[in-house]
Amino acid sequence: MNQTKTSMAAAILALLGTSGLAAKPATPTAPIHYDADHKTFRIDAGKITYAFGVNDDGILQTLYWGSRLAPDDAVGNATPPKSRSAFDAIGANTPQEYAGWGGPITVMPDLKAHFADGNRDLILRYQNYKIDDGGLQVTLGDKAAKVTVILRYVADPATGIIGRSARIENHATQVMTLDRVAAASWNLPAATDYSLRYLTGTWAAEWHVRTRPLTPGATDLESRRGSTGDENNPWFAIERGGHWNESQGHVWFGALGWSGSWNIHIDQDVLNQVRITGGFNPFDFSYRLQPGEGLDTPVFYAGYTDDGIGEASRLMHRFEITRILPEGPKPKLRPVLYNSWEATEFKVNEPEQERLAEKAASLGVERFVIDDGWFGARNSDKAGLGDWVVNREKFPNGLKPLIDKVHGLKMSFGLWVEPEMVNPDSDLYRQHPDWVLNFQDRQRSLGRNQMVLNLARQDVRDYVFNALDKLLTENDIQFLKWDYNRNWSEPGWPQVAPEEQQKVYVTYVQNLYDIMRRLRERHPGVEIESCSGGGGRVDLGIMGLTDEVWPSDNTDPSDRLSIQDGFSYAYTPAVMMAWVTGSPNWVNKRNSSLDFRFLSSMQGGLGIGANILEWTPAEDATARSYVEAYKGIRATVQQGLLYRLLSPQERAPYSATESVAADGSQAVLFAFLRQGQEAQAYPTIHLQGLDASSRYRYRAIHGTVAPGTPAVASGAYWMSHGIDLGLHSDFDAAAVVFDRVNGGR
Ligand code: DGJ
């Protein structure tokens, strides 16, 4: 059993015995204990303790979630709280681990259902538990309704991040219709000084960081558009005290592993208890379970730290690298990539792509990717989507000559696909107009001249899998850029009974995951990027099946500083692709130097997307030296510990980040000045995360440091004294590497 290749989502699904990722073996979990005297469960993992128990009424009640407790500390007993007033029945506000809507409750339920006989009452009481290497499984049930809910807990021993999910089973003889199904609820202690941080945005302006106080009432973060979306990302952080310091403060944080419509509901009740409930979006949701059927939820992951939002992000990054990514715990570093989209758009052809490939290779590029336009009648976004055959006018001999050329230049080869979509002007749509999401005899709205294929249909799923499998079998391809460029509309499924149609929200995503999983199994060398017109499908579900993501179509290096900063709150730079493109930038017409563009893109997986055939010899030389320098720091940048030193949010003039290698041998500082500030000096940068008594030698990749800066100094010096950089004018930037001197001390 190869445990290192197992994601946490896979472990949970494997233990639940469900489809999808279930084939993978289980991941080891942190120890989980059951105290039979007090009927309490306790998880100690990383620096946290999490505890819950069974109260006198048989209800599972959260007891503690925070800093690690001593092994012999009591975590308390679960008891039904007293009623607050005559209005509330006893138990109305119990902080339940997983609440059915029924009995006295007034808090947001995790599960709400109705039955064929008209019953809508569901009380989930504890039945039994099982602990093994893979984690904890607690079974709840409503005996009268004959419903079982299996809760699953897996804890990462390194980061303390817990993954929770549920399986709902209908053991009755009547149909049960699920109206609302969450993966889990997380309960925080009662307090009045919480605030919420979340991510919001839109196309070309994704990953804005927003913070708001939590007050009595509810906040919903969600997507109703069928996929993850960028209006909100399924990530949250809640801080106590309102300070939002990068290195201090109590922070609870979490993210949902689901790439369909989702909801995270954050509620502060009349007792000032905060409850975070996340799972399938209940909007337009309905899922019927026939007798004997079950439904598995996505996994809702969450963690806690005493060390501020910066540490919360680092824990997420480490967790994603080691427990989520398909090649974790040691995923391959992202190769330097060239993508032809911004150079040629749909006008791809063999001779020009070959010229681009030769030029890219000469700059040190390691992967060459043809974007949109290589297939079917795809000369614009108006036609061809769905017809995954090579366009013989553009590539008369197929893709092979170009692929051979690219391989001969010692680069891997990648191809753009958007397999879930179809243009009405395509052979596929002409043959199968019924394959798209639609309501019978109703308008079919277009977005970017395309419609969404109903991947929930098994024939559509098979078509998409077979088309991609054939492409990968017939061509020596190492990388797919998997795009997805519109929201759902009219999400009907006329081929199934009306009461079954809303299953589309679940089955579509399960089938998407199934296609990706099977492609990875059959073509193990192929890597996949999740792209959705920018960062519209980035979540811990899709990340379990892909190797990198595209955070935004906005490649302006200044806007990208904020976009990449926002991205980093939830997701690791190990998957964050960033391209150097032309100046002025196509999104906002801003001019910027090649240095600024390279340094901004070097904060993630470096790519080049400019028309490099137009670059001058001087620009070629600049690019070559940055690509070479990047290869020497990319392990640190992509997979090291990230410290956000100066925030670019709210269009701030400054931005600085530092990445420290996992083994402490190197630190990389990037500093940017968007706009010169009168005669003011750039803020002194105090590094973080170095070993105070080791010695580090600095070298600048670009930019100058203040005269008198010592060539070698201790970690204590760089962290406490700091370093002054010579950044003065608009769009100035610097990158400085700190290498630990041999022998360290
Ligand atoms: C949207 C992507 O984000 C772009 O990078 C490019 O691949 C286009 N789609 C192609 O249509």
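Side-chain contact, Ser185 with Thr277: a donor N or O sits under 3.5 Å from an acceptor N or O. At a cut-off of 3.5 Å, with distance as the only test, a side-chain donor of Thr62 or Asn187 sits close to an acceptor on the other residue. Side-chain contact check for Arg197 and Thr211: at least one donor-acceptor pair (N or O, by modelled atom type) lies under 3.5 Å. A donor-acceptor contact closer than 3.5 angstrom links the side chains of Asp156 and Thr159. Between the side chains of Glu222 and Asn232, no donor N or O sits under 3.5 Å from an acceptor N or O. In this structure, a donor-acceptor pair under 3.5 Å is absent between the side chains of Thr79 and Asn77. Side chains of Tyr571 and Ser313: a donor-acceptor N/O pair is absent below 3.5 angstrom, by distance only. Using modelled atom types and a 3.5 Å distance limit, the side chains of Tyr505 and Asn281 yield no donor-acceptor pair. Ser562 and Gln649 form no side-chain donor-acceptor contact under 3.5 Å, judged by distance and modelled atom types alone.
Proximity of a side-chain donor or acceptor of Gln174 to a complementary backbone N or O of Ala116 within less than 3.5 Å is detected. In this structure, the side chain of Ser195 does not engage the main chain of Pro213 through any donor-acceptor pair within 3.5 Å. Proximity of a side-chain donor or acceptor of Thr305 to a complementary backbone N or O of Ala312 within less than 3.5 Å is not detected. Trp203 places a side-chain N or O within donor-acceptor distance of the main-chain N or O of Gly533, the cut-off being under 3.5 Å. For the pair His38 (side chain) and Ala74 (backbone), a donor-acceptor distance under 3.5 Å is absent. No donor-acceptor pair closer than 3.5 Å links the side chain of Gln502 to the backbone N or O of Tyr287. A donor-acceptor contact shorter than 3.5 Å links the side chain of Glu320 to the backbone of Thr572. Put simply, the side chain of Asn245 never gets that close to the backbone of Gly249: no donor and acceptor are under 3.5 Å apart. A donor-acceptor pair under 3.5 Å is absent between the side-chain atoms of Arg167 and the main chain of Arg152, judged by distance alone. Under a 3.5 Å cut-off, the side chain of Asn55 and the backbone N or O of Ile59 do form a donor-acceptor pair.
Using a 30° and 60° split on the angle between ring planes, Tyr153 and Phe52 fall in the parallel class, below 30°. Between Phe285 and Phe280, the angle of the ring planes stays under 30°, which puts this pair in the parallel group of the 30/60° scheme.
Atom CD1 of Ile238 and atom CD1 of Ile276 lie 3.5 Å apart (nearest 0.5 Å). The distance from atom CZ of Arg644 to atom CG of Asp565, rounded to the nearest 0.5 Å, is 6.0 Å.
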Starting from the C-alpha separation in whole Å, work towards a yes-or-no answer on side-chain contact (heavy atoms from CB on, under 4.5 Å) for Arg323 and Arg318. CA-CA 8 Å; Arg323 307 292 288 232; Arg318 187 103 324 259; over 6 Å; no
Decide yes or no on side-chain contact (heavy atoms from CB on, under 4.5 Å) for Leu540 and Leu256, but give the supporting numbers first. CA-CA 6 Å; Leu540 296 187; Leu256 199 56; over 6 Å; no
List the steps and the verdict of ring pair (Phe, Tyr, Trp, His ring centres under 6.0 Å) for Tyr64 and Tyr50. CA-CA 5 Å; Tyr64 177 78; Tyr50 185 91; 8.7 Å; no
Run Thr148 and Leu140 through side-chain contact (heavy atoms from CB on, under 4.5 Å) and show every step you take. CA-CA 6 Å; Thr148 299; Leu140 310 179; over 6 Å; no
What's the verdict on side-chain contact (heavy atoms from CB on, under 4.5 Å) for Gln96 and Ile105, showing C-alpha distance, side-chain angles and the deciding distance? CA-CA 10 Å; Gln96 295 195 37; Ile105 77 159; 3.3 Å; yes
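When all heavy atoms of Gly566 and Val209 are compared, the closest pair comes out as CA-CG2, 3.7 Å. Ala183 approaches Phe300 most closely through the heavy-atom pair CB-CB, 3.9 Å. The two atoms that bring Val504 and Pro491 nearest to each other are CG1-O, 3.8 Å, heavy atoms only. The two residues Ser165 and Pro298 make their nearest non-hydrogen contact at CB-O, 3.3 Å. Shortest non-hydrogen contact noted between Ile161 and Leu315 is CD1-O, 3.7 Å. Taking both residues in full, the closest heavy atoms of Leu199 and Ala570 are given as CD1-CB, 4.0 Å, listed atom of the first, atom of the second, then distance.
Among Gln248, Glu239, Arg314, Glu246, the one residue that satisfies the side-chain contact (heavy atoms from CB on, under 4.5 Å) test with Ile309 is Glu246. When each of Lys503, Glu420, Arg461 is checked for a side chain to side chain donor-acceptor pair (under 3.5 Å) with Tyr508, only Glu420 meets the rule.
For the salt bridge (Lys or Arg N to Asp or Glu O under 4.0 Å) test, no residue two or more places apart in sequence or in another chain qualifies with Asp539. Checked against side-chain contact (heavy atoms from CB on, under 4.5 Å), Glu499 has the following partners two or more places apart in sequence or in another chain: Arg288, Ala497. A search for salt bridge (Lys or Arg N to Asp or Glu O under 4.0 Å) contacts involving Arg457 returns Asp434, Asp459, not counting sequence neighbours. Looking at residues two or more places apart in sequence or on another chain, you find no side chain to side chain donor-acceptor pair (under 3.5 Å) involving Lys39. With sequence neighbours excluded, the residues satisfying side chain to side chain donor-acceptor pair (under 3.5 Å) with Ser489 are Arg486. Partners of Asp44 by side-chain contact (heavy atoms from CB on, under 4.5 Å), not counting sequence neighbours, listed by chain and number: Arg42, Thr49, Arg68. Residues meeting the salt bridge (Lys or Arg N to Asp or Glu O under 4.0 Å) test with Glu293, sequence neighbours left out: none. Taking the salt bridge (Lys or Arg N to Asp or Glu O under 4.0 Å) definition, one finds that Arg180 meets it with nothing, sequence neighbours left out. Qualifying side-chain contact (heavy atoms from CB on, under 4.5 Å) partners for His250, counting only residues two or more places apart in sequence or in other chains: Arg240, Trp252, Tyr304, Asp306. In terms of the side chain to side chain donor-acceptor pair (under 3.5 Å) criterion, Ser532 has no residue partners (sequence neighbours excluded). Qualifying side-chain contact (heavy atoms from CB on, under 4.5 Å) partners for Arg225, counting only residues two or more places apart in sequence or in other chains: Ser223, Ser227, Asp230, Glu231, Asn487.
In this structure the side chain of Tyr301 never reaches within 4.5 angstrom of the side chain of Met316, judged on heavy atoms. The shortest distance between side-chain heavy atoms of Thr219 and Tyr198 does not fall below 4.5 Å. Residues Ile162 and Arg164 are in side-chain contact: their nearest non-hydrogen atoms beyond the backbone lie under 4.5 Å apart. Side-chain contact between Leu545 and Met543: absent, with no pair of heavy atoms (C-beta onward) separated by less than 4.5 Å.
Among residue pairs with one or both ends in residues 104-124, those qualifying as salt bridge (Lys or Arg N to Asp or Glu O under 4.0 Å) are Asp110-Arg275, Lys112-Asp179; sequence neighbours excluded.
The ring of Phe236 has its center no closer than 6.0 angstrom to the ring center of Phe253.
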